[in-house]
Every structure is written in structure tokens, then in C-alpha cells.
Enquirer: 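What follows is a single structure, and I will ask about it in a moment.
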Amino acid sequence: MNECINIKTKSSVSVGQNQTGLDFRAVLNDEQYRAVSEGDGPCLVLAGAGSGKTRTVVYRVAYLIGSGVRSDEILLLTFTNKAADEMMGRISELLSGRGEVAGLWGGTFHSIANRLLRLHANRLGFSPSFTILDQDDAKAMIKTCIRESVLDSKENRFPSPAVVQSIASYAKNAMVSISSVLERRYPDFIHLEKDIVGILETYDHKKRNSNAMDFDDLLLHLYFLLSDEADIRRSVAFRFRYILVDEYQDTNALQDSIVRLIASVHGNVLAVGDDAQSIYSFRAANVRNILDFPSHFPGAKQFRLETNYRSTPEILDLANDVISRNVDQFPKQLKAVRPGSSLPRVISMPSAAAEANFIAGKIEELTKDVSIDPHEIAVLFRATHHSQALEFELMKRGLEYEYRGGLRFFERAHVKDVLAFLRLAHNFTDESAWRRVLSFQQGIGEVTSDRIFAAVLASGSLAQALLTPTIESVAGKRAAIGWRDLKEVLDGLVSADGRPADMIRSLLDSSYVSYLNAEYPNARERLEDLGQLASFADGYDSTVDFLAEVALNDALYTKGATSTARNRKNVRRIVLSTIHQSKGLEWDTVFVLHLTGSGFPNQRAFAEPGGLEEERRLFYVAVTRAKQRLFLCYPRRAGFDGGIEYPSMFITEVDKSYLDLPDEESNGVSGSVHLFADPDYDDETIELDESGEIRAVRRRLANWKKGSFLRDV
DNA sequence: GCCCGTACACTTTTT
DNA sequence: GTGTACGGGC
Ligand SMILES: Nc1ncnc2c1ncn2[C@@H]1O[C@H](COP(=O)(O)OP(=O)(O)OP(=O)(O)O)[C@@H](O)[C@H]1O
């Protein structure tokens with residue numbers, strides 16, 4: 001996405017232009033141009049990877065603004081913050097100097113829901129300064145609800161807070177009852193329906209009393225606001241003349257309903273997506289939403305994009321072969337236009353460490369010898385722990401990288417502790433925040449935490465709670481030290497009240513620091529994180545805004561909040577990412593890591609109906625991220641016990657003529673450890689007789705242990 | 001009754 | 001490295 005912007009030159013004025021001065025004809029094909037220029041009413045672009053769907057959306061926004069549509073009448077919905085950021089950046093580049101982009105409503109469904117709910121929260125019985133609970137907060141709160149509930153059944157294996165949370169989440173997003181989620185996804189717990197429903201009712205009460213919403217509530221409450229409050233629906237739907245939704249295949253029932261409600265006045269919806277790239281079914285995403293779009297929006301125009309501009313024909317051939325193995329799909333044409341190059345390479349290595357070593361070496365070669373921009377190289381993986389060996393290797397070589405996936409900066413325990421303090425200063429009824437800060441005080445456990453929280457509520461305000469002696473007596477002797485410490489910290493916080501950054505700095509000067517030092521060997525790193533959090537917070541005057549953006553991970557990309565000093569922006573770094581987070585993006589060179597039979601497809605996927613096809617779509621997404629070079633890598637031994645691994649079925653099932661396989665493959669018997677062996681790294685031959693195999697395993701184990709020890713340091 | 005140390009299991013994907 | 005389960009000790 002980095003070709004230059006076509007600004008009108010004085011001499012050439014083509015029909016494809018409007019007031020933006022952009023030559024739309026020159027940068028779009030005919031079908032794209034039609035979608036951009038004749039896109040009033042409901043429109044659907046259902047097309048394959050790299051066919052220019054996102055580009056269509058971006059230029060459509062530019063076109064609308066150029067045609068006199070006010071930017072605040074346009075709603076652009078995306079799936080991830082990264083995607084939102086990329087598109088907004090692209091649009092403001094296109095319209096540079098026009099300064100109209102600022103008014104555009106663009107972001108994830110959750111962040112748009114947040115903005116709308118802030119305006120109308122009182123209609124729902126919330127205050128507009130409500131707090132957002134992330135998944136971790138939600139789990140912790142549900143844990144309390146489970147503990148408080150008197151369980152009907154004497155079941156000793158009650159589902160964990162994480163499971164209850166995911167049941168609740170799925171039900172809301174799919175807009176179905178708890179019992180149907182249990183039937184479909186957790187049949188083992190069907191008999192616990194009553195208990196679970198009761199616990200979730202308690203959870204809802206607690207959230208209301210705390211003026212808090214979890215991620216799912218953001219969508220659900222927006223839905224209720226739009227469906228039940230006719231005047232608000234009319235004004236919101238009237239306001240947004242144009243709605244554009246990227247990656248529509250990954251919307252769930254709740255999101256789809258929200259789009260339909262917001263479109264209820266003007267009906268100008270541009271939905272863009274690819275059913276072959278639907279990879280969020282665990283979040284209740286449903287491909288039916290895009291496939292049924294024409295029947296939900298009668299008269300919808302459909303546009304076919306059948307040219308892949310992104311990848312070489314070799315990469316596209318492989319991708320088409322991969323996806324053709326899925327039975328359940330909407331057939332699409334996709335032709336390459338880029339010049340031919342080399343076949344995607346399969347790389348087999350004896351171990352995860354060797355795999356990492358190969359990739360790191362190849363990256364150095366590409367960046368130094370071939371002068372590839374490091375930011376045009378990505379390493380993709382199914383699960384975050386697959387990248388551990390590579391991270392280790394990259395650090396060893398001093399290669400900087402950007403990491404996308406797993407725990408985010410704002411989700412780290414110490415960051416969340418500090419945020420909990422800020423939440424309390426802002427709203428003393430925030431139960432989840434109280435529980436969090438009480439949980440790490442000396443002598444205060446769950447029971448004392450219950451008592452203190454009840455006494456705090458009864459006292460009527462934070463200031464009063466800090467003054468009143470009742471809490472001391474309620475807490476008891478053992479908890480006295482803990483409560484005194486906490487009170488001191490909160491006192492400091494209250495006197496620093498005002499800007500979020502000041503409050504964070506007051507915490508950095510409190511007994512919380514001694515707690516960190518006592519608790520964590522890496523306290524210094526954690527303190528550095530908190531220092532960064534403080535300087536990041538300098539950009540905010542409002543604690544509410546700060547907390548909301550941080551909870552939604554909204555602030556992450558645009559404002560450059562990063563975890564460590566080496567992760568500074570403006571440096572072109574290679575990207576390590578989960579495949580899920582790579583959606584919609586592209587790189588010159590892509591490595592896919594850990595393509596083993598047990599790692600990818602993920603074993604758990606087999607338990608779900610349609611799970612394997614979803615894994616294959618995930619592989620399809622990974623393959624189609626590559627523009628020029630693609631490496632498919634797997635270790636022949638991996639895991640904590642250094643067990644034998646076989647190549648993923650996604651490698652073995654495709655037509656061999658689409659892959660550049662290692663030499664040995666032709667001799668390899670299926671199931672042999674030599675399958676696809678790379679001759680360069682074949683020093684560690686595994687004998688198939690018993691003694692030889694044991695010896696080899698021992699050596700690998702020793703190496704692995706060394707690696708894991710160093711990682712911990 | 002309540003807290004806290006220790007042993008143990010488990011770790012897909014995201015807002 | 002994180003969350004839960006259990007038993008000793010205050
Ligand atoms: N008409 C065009 N002419 C030249 N290049 C184009 C054209 N349309 C799109 N491209 C380029 O093709 C690449 C893929 O486009 P884009 O990201 O919009 O595709 P997409 O359909 O959204 O892909 P995906 O489904 O994988 O997200 C980009 O580099 C884009 O700049």
C-alpha cells in the first residue's frame with residue numbers, strides 16, 4: 001500500500017476526478033471505480049485476497065468527501081485497531097491538506113460504540129463516564145460472582161471464570177441464549193445452565209453498580225440504545241449518511257444488527273470482505289452475514305474484483321490450491337498480474353532453534369544483501385508461543401522487531417494495577433478496581449476484600465472511606481498494615497488528582513513501588529514500563545478519555561505507546577505477528593513459522609465443527625499476505641519434550657508443483673523424520689533404531705533447556 | 001475462619 | 001509465567 005498519491009496535474013483533467021484532485025480512474029480498475037463512484041445504496045464487494053477491497057473503501061471515502069459529503073457523516077468500521085489506523089492514515093494521506101479527515105468517524109466496532117455510548121449513556125442508566133472492563137477484568141469479576149453464588153448443584157468441577165466469561169461473551173455476540181451456547185459449544189455444562197445464568201445476572205448487577213461495561217456490553221448496549229430508543233436511532237442513523245465496513249465476513253450477529261440499525265435511514269452501506277478469510281468464529285463471527293448481505297439489503301449492488309495485485313502468480317497459485325480444499329465456500333476467480341518469480345519455499349529444520357536461526361539468517365541476508373526494507377518482512381504464526389525461539393534468536397543477533405499478538409502493553413499486570421488506582425480516583429464504586437488493588441495488600445484476602453469493599457460503598461465517597469475508622473475495624477488486625485498502606489497510596493493519589501499523568505507519577509512515588517520490588521525479580525523493567533505509561537498519559541487531560549482509549553487498545557498505534565526502549569517508532573523494524581493480526585496487511589517477504597501437524601492446524605480446532613476449515617482459511621490468510629517471497633517453515637522436533645513433529649497437513653496436502661520442497665522430500669517416506677529435511681542442517685541425524693533416537697532426543701533437550709534458561713534471564 | 005506458601009496444570013486466535 | 005487447588009499456620 002505504498003504507491004504514490006496521484007495528484008491532479010494542471011494539464012490533465014479526466015472524468016475520474018472530483019474535488020479532491022485525485023485521478024480515481026488512474027489508480028482503480030473499472031470495477032473498483034464503479035464501486036467508488038456509483039456506490040450509493042447498499043453495495044457488496046465480495047472478493048478474494050489482495051484484490052483491492054480495502055483500496056476501494058479508502059478511495060470511496062476520499063471520493064465521498066470530494067463530492068461534498070461532510071466527513072462527520074461517514075462511518076468507517078473496521079475489525080482491528082491496526083486496520084483502522086492504516087485506513088485512516090491512508091485517507092488523510094490522500095486528502096492531505098484538506099483537513100477534513102479529523103471529523104471522520106473511523107475505528108473498530110468497539111471504539112465507535114464507546115464514542116456513541118458516551119453521548120447517550122444516561123438513557124441506559126449509566127453515567128457517561130462509565131469504565132470499560134477488559135477481558136481480564138471481566139474474568140476477575142466473574143470469579144467473584146462465582147464465589148458469592150450459592151451453587152444449586154453440588155458440582156465440584158464448575159467451569160472456570162474464563163469459561164463462564166467466554167460463554168457469556170459468545171451468547172451476547174451471537175445474540176443467542178446461554179442454553180444454546182451450552183448446547184452448541186459446552187455440552188458438558190448444560191445441566192449448569194441455571195447456575196451460570198444466575199452468576200451472569202450477578203455479574204450484570206455488579207457492572208451496573210460500578211458504572212462499568214465489558215467489551216461485549218459496549219456492543220450490546222449500543223444495540224439496545226439503537227433498537228429501543230427510536231429517537232436516538234433516528235438521529236444516529238440520520239447522521240451517518242454513509243457506512244463502510246471492512247472485513248465484513250468477520251462480523252457477528254450483534255455487529256451486523258448494529259450496522260443495519262445505523263443504516264436504517266439512508267441505507268448507504270458498503271460492505272467489503274472475503275468469506276475465505278473468515279477467521280474469527282471463536283468470537284461468534286458468522287460468514288452468513290456477508291453471504292446474506294444481498295437479502296438483508298434488497299437491491300444491493302454487487303461488485304466483482306478478480307485481479308490480485310498483491311502477490312506473484314506462484315504465491316497466488318498456492319493460495320488458490322489451499323483454499324480449494326475447503327468444501328464450504330463461495331467460488332471466486334482470482335488472477336495474478338504481477339510478474340512471475342520463484343516458488344514458495346518449504347523449510348524443514350531439526351528444531352525450533354534451528355528454524356529460528358534460519359529465519360534470522362535469511363532476514364539478515366535480505367535486509368543487507370538484497371536491501372529489503374525490514375518493515376517489508378513479516379514472520380507470522382498461529383499461536384504466540386510459537387515465536388519464542390525466534391524472539392530469542394533475534395535478540396541474540398540484535399535485530400529489532402515489532403511484536404503483534406499476545407499480551408499488550410496495557411494488559412500487563414503492573415500497568416493494570418496502576419490503571420486500577422486511576423479508576424478508583426475517578427469512580428470509587430468501581431468494584432473490579434477495588435478488588436484488584438486490595439488483592440495485593442498484606443493480610444487482605446478475598447473475605448476481607450469483600451468486607452472492605454462493602455464498607456467503602458457504605459461510607460459514600462472515597463474521601464470519606466479514607467477518613468472513616470469503620471474500615472479498620474471491619475478489616476481486622478491482620479489486614480491493618482495492608483489497609484494503612486493502601487490508604488496512604490490513595491491519599492497521595494487524591495491530592496495529585498487532576499491529570500492522569502500526575503496521578504501515575506504519584507503512584508511511582510508510593511509504596512506500590514516497594515510492592516513491585518518485593519514481588520517481581522524484574523521490577524526495574526516494570527517500573528520502566530510505568531514511567532512510559534506516565535509519559536504516554538501526558539497527552540491526556542481527561543482521565544475518562546485516557547482510561548477508555550487504553551482499555552480499547554485504541555491508543556496503541558496512533559500515539560505510539562510502546563513497551564520497551566528498543567521498541568521506539570520511526571525505526572523500520574521487521575514484524576512478528578499472529579496471523580489473526582496480519583489480516584488486511586501485506587509484506588514483501590513473509591515467513592510462516594511452526595507449520596507442524598500439532599501446531600497448525602491447532603489441535604483444539606478439530607473439536608469444533610468447521611474448525612479445520614477455519615484453520616485452513618487462517619493458513620490462506622497467511623499465504624496471501626506475501627507479495628514477493630514466501631517461506632513455509634517447520635521444525636522436526638519441538639515442544640517442551642523435544643518430541644517429533646510432522647509437517648502440517650496444509651503443506652503436505654497441496655499440489656507439490658506449487659512448492660519448492662527440500663531435496664530429500666523425494667526420498668522421504670511419509671511420516672519419516674527426514675521428510676522435507678534440509679540438507680544444510682541435517683547434522684543431527686535421528687536414527688530410527690531405539691538407542692539412536694534416545695541419544696538425539698537427549699541432545700535436543702539439553703539445548704532446549706539452555707535456551708529456555710537464557711530466555712528467562 | 002482466613003491468609004498465604006507451595007505444588008501443579010496449562011498456555012489459540014481479539015475487542 | 002499465570003492461574004487454581006490444597007494444606008499448614010496464624
Ligand atoms: N487497481 C489497482 N491497481 C494497482 N494496484 C492495486 C489496485 N488495487 C489494489 N492494488 C494493490 O493491491 C494490494 C492489495 O490491495 P488491498 O489491500 O486493497 O486488497 P484487499 O482485497 O483488501 O486484500 P485482503 O483481502 O487481503 O485484505 C495493495 O498493495 C494495493 O495497493
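Just so it is clear: chains get the letters A, B, ... in the order the sequence lines come, proteins before strands, and each one is counted from 1.
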Enquirer: Can you name the nearest heavy-atom pair linking A:I132 to A:D137, along with the distance?
Expert: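 Smallest heavy-atom distance, with atoms named: O-OD2, 4.2 Å.
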Enquirer: Ring centres within less than 5.5 Å and planes less than 30° apart: is that true of A:F282 and B:dT13 in this structure?
Expert: yes
Enquirer: Would you indicate which nucleotide in C:dG3, B:dC4, B:dT15 comes nearest to any side-chain atom of A:D136?
Expert: C:dG3
Enquirer: Please report the distance, rounded to the nearest Å, between CD in A:E247 and C1' in B:dT14.
Expert: 13 Å
Enquirer: How long is the line joining OH of A:Y223 and P of B:dT15, in whole Å?
Expert: 24 Å
Enquirer: For A:S582 and A:I579, indicate whether the former's side chain and the latter's backbone hold a donor-acceptor pair under 3.5 Å.
Expert: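 Between the backbone of A:I579 and the side chain of A:S582 there is a qualifying donor-acceptor contact (under 3.5 Å).
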Enquirer: Counting any heavy atom closer than 4.0 Å, what does A:Y280 reach on the DNA or RNA strands: base, sugar-phosphate only, or nothing?
Expert: sugar-phosphate
Enquirer: Assign A:K143 to base, sugar-phosphate, or nothing according to its heavy-atom contacts below 4.0 angstrom with the strands shown.
Expert: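 A:K143: backbone/sugar contact only, no base atoms under 4.0 Å.
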Enquirer: What is the separation between atom CG on A:L438 and atom P on B:dC3, rounded to the nearest whole Å?
Expert: 11 Å
Enquirer: What pair of heavy atoms forms the shortest contact from A:L516 to A:H414, and how long is it?
Expert: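 Where A:L516 meets A:H414 most closely, the heavy atoms are CD2-CB, 4.0 Å.
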Enquirer: Do A:F282 and A:H580 have ring centres separated by under 6.0 Å?
Expert: yes
Enquirer: Regarding A:S111, tell me which of base, sugar-phosphate or nothing describes its non-hydrogen contacts under 4.0 Å with the strands shown.
Expert: nothing
Enquirer: From C-beta outward on A:P161, which listed nucleotide comes closest to its side chain: B:dC3, B:dC4, C:dT4?
Expert: C:dT4
Enquirer: Indicate, with a heavy-atom threshold strictly under 4.0 Å, whether A:S160 touches base, sugar-phosphate, or nothing.
Expert: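 No contact at all - A:S160 keeps every heavy atom at 4.0 Å or more from the nucleic acid.
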Enquirer: Would A:R408 and A:D134 count as a salt bridge (charged side-chain N to carboxylate O under 4.0 Å, His left out) here? Give the steps.
Expert: CA-CA 12 Å; A:R408 278 161 200 66; A:D134 71 8; over 6 Å; no
Enquirer: At their closest point, which heavy atom of A:W483 faces which heavy atom of A:I444, and how far apart are they?
Expert: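 That closest heavy-atom pairing would be N-CD1, 3.9 Å.
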Enquirer: Specify the separation, in whole Å, of atom NE2 of A:H580 and atom C1' of B:dT13.
Expert: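 Atom NE2 in A:H580 sits about 4 Å away from atom C1' in B:dT13.
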Enquirer: Just to be sure I understand the rule, does A:E446 reach a base, reach only the sugar-phosphate, or reach nothing, if contact means heavy atoms closer than 4.0 Å?
Expert: sugar-phosphate
Enquirer: Closer than 4.0 Å, any side-chain N/O of A:T448 to the OP1 or OP2 of B:dC3?
Expert: yes
Enquirer: For DNA chain C, which consecutive runs of 3 or more Watson-Crick or G-U pairs (each distance under 3.5 Å) count as stems?
Expert: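 Result, WC/G-U stems under 3.5 Å: B:1-9 with C:2-10.
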Enquirer: Between A:Q165 and A:Q135, is a side-chain hydrogen bond (donor to acceptor under 3.5 Å, both in side chains) present by the stated rule, with each step listed?
Expert: CA-CA 8 Å; A:Q165 195 273 331; A:Q135 199 173 27; 3.2 Å; yes
Enquirer: Between A:Q135 and B:dT15, is there a side-chain N or O to OP1/OP2 distance below 4.0 Å?
Expert: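 Answer no for this pair, as no side-chain N or O of A:Q135 is under 4.0 Å from OP1 or OP2.
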Enquirer: Let me know the distance between CD of A:Q165 and P of B:dT15, rounded to the nearest Å.
Expert: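 Those two atoms, CD and P, are 14 Å apart.
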Enquirer: Mind listing the N/O atom pairs, protein and nucleotides 7-11 of chain B, below 3.5 Å?
Expert:
unit_1	atom_1	unit_2	atom_2	d
B:dT11	OP1	A:R604	NH2	3.0
B:dT11	OP2	A:R604	NH2	2.4
B:dT11	O5'	A:R604	NH2	3.4

Enquirer: Is A:R478 close enough to B:dG1 that one of its side-chain N or O atoms is under 4.0 Å from OP1 or OP2 there?
Expert: no
Enquirer: Here's a test of your reading of the structure: between A:A551 and A:Q442, which maps to the more 5' nucleotide of DNA chain B?
Expert: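 Whichever sits nearer the 5' end wins; that is A:Q442.
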Enquirer: Ignoring hydrogens and geometry, is there a side-chain-to-backbone donor-acceptor pair from A:E355 to A:H594 under 3.5 Å?
Expert: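 It does hold such a pair.
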Enquirer: In whole Å, I'd like the distance from the CZ atom of A:F109 to the P atom of B:dT14.
Expert: 18 Å
Enquirer: Rounded to the nearest angstrom, tell me the gap between atom CG in A:N173 and atom P in B:dT13.
Expert: 18 Å
Enquirer: Quick one, A:S149 and A:T202 - any side-chain contact, counting heavy atoms below 4.5 Å?
Expert: no
Enquirer: At under 4.0 Å between heavy atoms, what does A:R451 touch on the DNA or RNA strands: base, sugar-phosphate, or nothing?
Expert: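 Here A:R451 touches the backbone only, sparing every base.
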Enquirer: Got a sec, which residues hit ring pair (Phe, Tyr, Trp, His ring centres under 6.0 Å) with A:F650, two or more places apart in sequence or on another chain?
Expert: A:F600, A:F619
